[in-house]
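What follows is a single structure, written as C-alpha cells, with notes after it.
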Amino acid sequence: MDFKRNIMVTGGAGFIGSHVVRLFVNKYPDCRVVNLDKLTYAGNLANLADIERAPNYVFVKGDITDLDQMRQVMAEYEIDGIIHLAAESHVDRSIKDPMTFARTNVLGTLALLQAARERWESLPEGYEGKLFHHVSTDEVYGALEMDGGLFEETTKYNPHSPYSASKASSDHFVRAYHDTYGMPTLVTNCSNNYGPYQFPEKLIPLFINNIRQGKPLPVYGKGENVRDWLYVEDHARALDLIFHKGKAGDTYNIGGFNEWRNIDLIKVIIKTVDRLLGNPEGHSLGLITYVTDRAGHDLRYAIDSRKLKNELGWEPSLQFEEGIEKTVRWYLDNQPWLDRITSGDYQRYYEEMYRGR
Ligand code: NAD
Ligand code: DAU
C-alpha cells in the first residue's frame, strides 16, 4: 500500500507518545505511522493495544542513540516527518542517574537529527515536505517565583535538574540543525501532562494508585510547588496542529493556563478517588505524608501559550475538573493496567505480541 506520508513518532509506547500515535493512526488513515521505541521501563505496548493491528501502523523496536539503526529506519520506511518524543522523562530518576539522561536525551536526539539530515539531503527534493518536530518541556526555562509571570517562547533557558539540562541541550541541537544545515525543525515546550497511560511514578497516577491501595502519599517539601497541568489529549491535538501548520525554525509553548499548588491538587485527587470508590469524604486525607524535598525542586512552572492560540487557534478542550474526573475514573477502571506495571508483568507484552512476526 502506498502512503501519502510516512511519519515516525519516537517514544510512541510511552505516555504522551501513545496518545500521539493513536490520534495520527485514527485521523490519518492514508499516512503510515511508524512508532519507534526502545521499550525502556517507561515503554508499554499495552498502551496501544486498540490500534496495533491498524493497516497504517508499524512498531519498530529501536534505540534513538543507535545512529546506524536510525539511518536504516529512515530509509526503509521513507520517513518524511518525525515527531520526536523518545526520552528519559522523570526528574527523580535524572537526579539518581544523570548519565542515562545525557545519553538518551542529548546523544539520542543528535543521532536522530543526523540520520534525518543524511536521509533528506540525499533525496532529489531535499528538505521539501520534511519536518523534524522536537517535543520538549517547560522545565528548560527554569523556575518562576510565585509572582514571577509566565514562561514565554523568548524566556531565557535556565534548567536546574539533569533532566531539564538534557532536554535544554537537545533543544539547542535541534535549533542548530535548522540554523546550520537548513533542516526544517521546530520545537514545542509543554507544561505538565496528565491523563490515561501515565507511568505510575509521576505524581498523579502514583497518588491515585496509592490511595486505592491505602498507601502513604509522599508529598515533597511543604507541597507548595506549583505546576501547570494540561490533559494529555489536548497536548496531542496541539502537536498535530503544530506538526501540520507550524513554521519551521519556530518555537511554540503549549499549556492550558491551569496552575495548581501540589497540595491543593493532591486534595482534589483524594476527594475524587474517595468519591468514586464510595469512601466517606476525607477518608484518605490521612495518607498525606510530608517527605524530604526533591533536590533542586523548581518552585513554579507556568506556560504562556498565547502564541499558539493567536497564530494557530489552539485551545485546551477540557476544564481541569472534567479532566481530573476522567483521569481518576480511567485509572480506577483500568486497575489491571496499573497492576501489570507494578508487578513488572507489562514488559512481557512485547515478547508475547511480537513473537514470530
Ligand atoms: P515517557 O517516559 O512516558 O515515555 C518515553 C518513551 O520513550 C518510552 O516509551 C520509552 O521506552 C522511550 N524511550 C526512552 N529511551 C529511548 C531510546 N533510547 N530510544 C527509543 N525510545 C526510547 O515520557 P512522556 O511523559 O510521555 O514524555 C514524552 C516526551 O514529552 C519527552 O520527550 C518529555 O521530555 C516530553 N514532555 C513530557 C511532559 C510530561 O508532563 N510528561 C511534558 C512536556 C514534555
Ligand atoms: O513540566 C513538564 C514536566 O512535567 C515534564 O517535562 C516531565 O517529563 C514530567 O515528569 C513532569 O515533571 P515534574 O517533576 O513536574 O512531574 P512529577 O509528576 O514528577 O512531579 C509533579 C510535582 O509533584 C513536582 O513538584 C514534584 C511533586 N511530587 C512528585 C512525586 C512523584 C511529590 O510531591 N511527590 C511525589 O511522589
Ignoring hydrogens and geometry beyond distance, is a side-chain donor-acceptor pair present between Asn193 and His235 at under 3.5 Å?
yes
Report task. Look only at the side chain of Asp274 and the backbone of Ser284, and say whether a donor-acceptor pair between them is shorter than 3.5 Å. Result -> yes
Exercise for review: Please check if any side-chain donor atom of Tyr41 sits under 3.5 Å from a side-chain acceptor atom of Arg93, or the reverse.
Suggested key: yes
*Is there a donor in the side chain of Gln198 and an acceptor in the side chain of Tyr331, or the other way round, less than 3.5 Å apart?*
no
NE2 (His172) and OH (Tyr177) are apart, to the nearest 0.5 Å, by 15.5 Å
Original post:
Looking just at side-chain N and O atoms, do Asn47 and Trp337 make a donor-acceptor pair shorter than 3.5 Å?
Top reply: yes
When rounded to the nearest 0.5 Å, the distance separating OG1 of Thr251 from CD1 of Ile242 is 10.0 Å
Same apolar cluster (I L V M F W Y, side chains within < 4.5 Å links), Phe151/Leu230 | no
Original post:
Do Thr65 and Asp63 meet the criterion of a side-chain donor-acceptor pair at a distance under 3.5 Å?
Top reply: yes
Between the NE2 atom in His178 and the CZ atom in Phe132, the distance rounded to the nearest 0.5 Å is 13.5 Å
Salt bridge or not between Glu118 and Arg71? Use side-chain N to carboxylate O under 4.0 Å. yes
Distance col, row Asp234:CG vs Arg237:CZ, nearest 0.5 angstrom, shows 4.5 Å
Show me the side-chain donor-acceptor pairs of residues 138-147 shorter than 3.5 Å, one per line, residues at least two apart or across chains.
unit_1	atom_1	unit_2	atom_2	d
Glu139	OE1	Tyr301	OH	3.2
Tyr141	OH	Asn253	OD1	2.8

Parallel under 30°, tilted from 30 to 60°, perpendicular over 60°: which one fits the rings of Phe320 and Trp260?
tilted
Requested in this report: Would you please say whether a donor-acceptor pair under 3.5 Å links the side chains of Lys38 and Thr104?
Outcome: no
Side-chain donor-acceptor pair under 3.5 Å between Asp171 and Ser136, yes or no? yes
(Q) Can you confirm whether the side chains of Ser166 and Ser169 place a donor and an acceptor under 3.5 Å from each other? (A) no
Parallel, tilted or perpendicular, judged at 30° and 60°: which one describes the rings of His133 and Phe243? parallel
Salt bridge check, Asp250 against Lys307: does any charged N sit closer than 4.0 Å to a carboxylate O? yes
When Arg119, Arg5, Arg32 are each screened for salt bridge (Lys or Arg N to Asp or Glu O under 4.0 Å) with Asp80, the one that passes is Arg5
In this structure, CD1 of Ile7 is separated from SG of Cys31 (nearest 0.5 Å) by 4.5 Å
